[in-house]
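For reference, the structure is listed below as structure tokens.
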Amino acid sequence: MKELFAILIGAIFVENFVLSKFLGICPFLGVSKKTSTAVGMSGAVVFVMVLSQAVTWLVNHYLLKPNSLEYLQTIAFILTIASLVQLVEIVLKKMIPSLYKALGVYLPLITTNCAVLGSALLFVERDYTFIEAVVFGFAAGLGFTLALILFSGVRERLETCDIPKAFKGMPITLVAASLVSIAFMGFASLIIP
């Protein structure tokens, strides 16, 4: 149980995919303009990360490893993730069309979100068990959620600030993202017993 807690805290704060590993920056910058779309995208990413961890672990341990096909991990994982994103896209289009429209092009980009693929490749590197891999995927998704919602609040606040003309738009967004990332560097020395 202690190992699962360490994986959970580590993936959310210490090894945050967006703010520490700089993976998943495209949806992080693209969907963080409004908190409502950030919450919707976060939910979709958490769902895809948890399912992709579970399915890719099964594919890796029951298909690739027994047949000595580990060199196909990246391709197999990308196909798995793409299938899961298609499932999320279909469900959102039918169940929550307003969120589907708000997410726009960023929803299919979950397929190429390197945070999702990175988490799948990391559990293989770390030789996680099935439960550890799923907890890692869930925690990585929560870390993505934390970063996205926190940054959407910062960006909404920036809209009301008096910003010099040269910094308006993407320049101030990148400066703010770097400052939020620096704040998360404080968790790097967190040691979990």
Side-chain angles (χ1 to χ4, degrees), residues 7-50 52-53 78 81-82 84-85 88-89 91-93 96-122 136-192:
I7 290 170
L8 187 75
I9 297 300
I12 294 172
F13 297 108
V14 180
E15 296 180 314
N16 187 293
F17 276 82
V18 178
L19 300 174
S20 297
K21 295 189 179 296
F22 307 111
L23 297 173
I25 297 294
C26 181
F28 175 70
L29 293 175
V31 183
S32 60
K33 289 181 183 178
K34 293 183 181 178
T35 304
S36 59
T37 55
V39 169
M41 177 62 127
S42 297
V45 168
V46 169
F47 179 76
V48 168
M49 282 185 123
V50 169
S52 69
Q53 292 294 89
I78 288 172
I81 292 164
L84 293 171
V85 170
V88 169
E89 197 169 357
V91 168
L92 282 180
K93 192 173 187 179
I96 314 171
S98 59
L99 179 59
Y100 174 79
K101 287 180 184 173
L103 292 176
V105 71
Y106 295 101
L107 186 58
L109 282 177
I110 295 174
T111 302
T112 58
N113 186 340
C114 49
V116 179
L117 180 60
S119 68
L121 292 172
L122 268 175
F136 181 68
F138 179 68
L142 288 181
F144 185 87
T145 299
L146 175 67
L148 196 59
I149 292 173
L150 180 73
F151 193 60
S152 68
V154 170
R155 285 189 74 180
E156 284 181 354
R157 178 95 171 149
L158 284 173
E159 292 296 319
T160 62
C161 294
D162 186 28
I163 299 168
K165 187 177 181 181
F167 282 100
K168 286 196 184 280
M170 193 51 71
I172 194 67
T173 300
L174 294 174
V175 169
S178 65
L179 292 174
V180 171
S181 180
I182 288 170
F184 263 71
M185 287 178 70
F187 293 115
S189 62
L190 185 64
I191 298 173
I192 301 169

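Within 6.0 Å of atom NZ in K93, 12 or fewer heavy atoms from other residues, nucleotides or ligands are found, so the atom counts as exposed in its surroundings.
The two atoms that bring A176 and V154 nearest to each other are CB-CG1, 3.9 Å, heavy atoms only. Heavy-atom minimum distance, F151 versus S32: CD2-OG, 3.4 Å. Contact between Q53 and G137 at its shortest, heavy atoms only, is CG-CA, 3.3 Å. Scanning both residues, A38 and L148, for their nearest heavy atoms gives O-CD2, 3.4 Å. Here the shortest heavy-atom pairing between L150 and V180 reads CD2-CG1, 3.8 Å. Heavy-atom minimum distance, A139 versus A11: CB-CB, 3.5 Å.
To the nearest 0.5 angstrom, S20 atom OG is 7.0 Å from F22 atom CZ. For the atom pair CD1 of I81 and CG of L117, the computed distance is 5.0 Å after rounding to the nearest 0.5 Å. Within the model, atoms CD1 of I172 and CD1 of I163 stand 5.0 Å from one another, a figure rounded to the nearest 0.5 Å. Note that the OH atom of Y100 and the CG atom of L92 stand 9.0 Å from one another [nearest 0.5 Å]. Expressed to the nearest 0.5 Å, how far OG of S181 lies from CG of L174 amounts to 12.0 Å.
Using a 4.5 Å cut-off on side-chain heavy atoms (C-beta onward), T173 and F167 make no contact. L23 has its side chain out of reach of V18: every pair of non-hydrogen atoms, C-beta onward, lies at least 4.5 Å apart.
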| said: Between F17 and C114, is the side-chain contact (heavy atoms from CB on, under 4.5 Å) condition met? List the steps. | reply: CA-CA 9 Å; F17 276 82; C114 49; over 6 Å; no

| request: Please step through side-chain contact (heavy atoms from CB on, under 4.5 Å) for the pair V85 and V116, ending with a clear verdict. | output: CA-CA 11 Å; V85 170; V116 179; over 6 Å; no

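Applying the side chain to side chain contact (heavy atoms under 4.5 Å, CB included) test to L142 and every residue at least two apart in sequence or in another chain returns I12, F138. The side chain to side chain contact (heavy atoms under 4.5 Å, CB included) search around E15 returns K21, R126, F136, not counting sequence neighbours.
Counting only residues at least two apart or on different chains, the side-chain hydrogen bond (donor to acceptor under 3.5 Å, both in side chains) pairs with a member in residues 34-46 are T35-S152, T35-E156.
Ring-plane geometry between F13 and F187 is classed as tilted, the angle between the planes lying from 30 to 60 degrees on a 0 to 90 degree scale.
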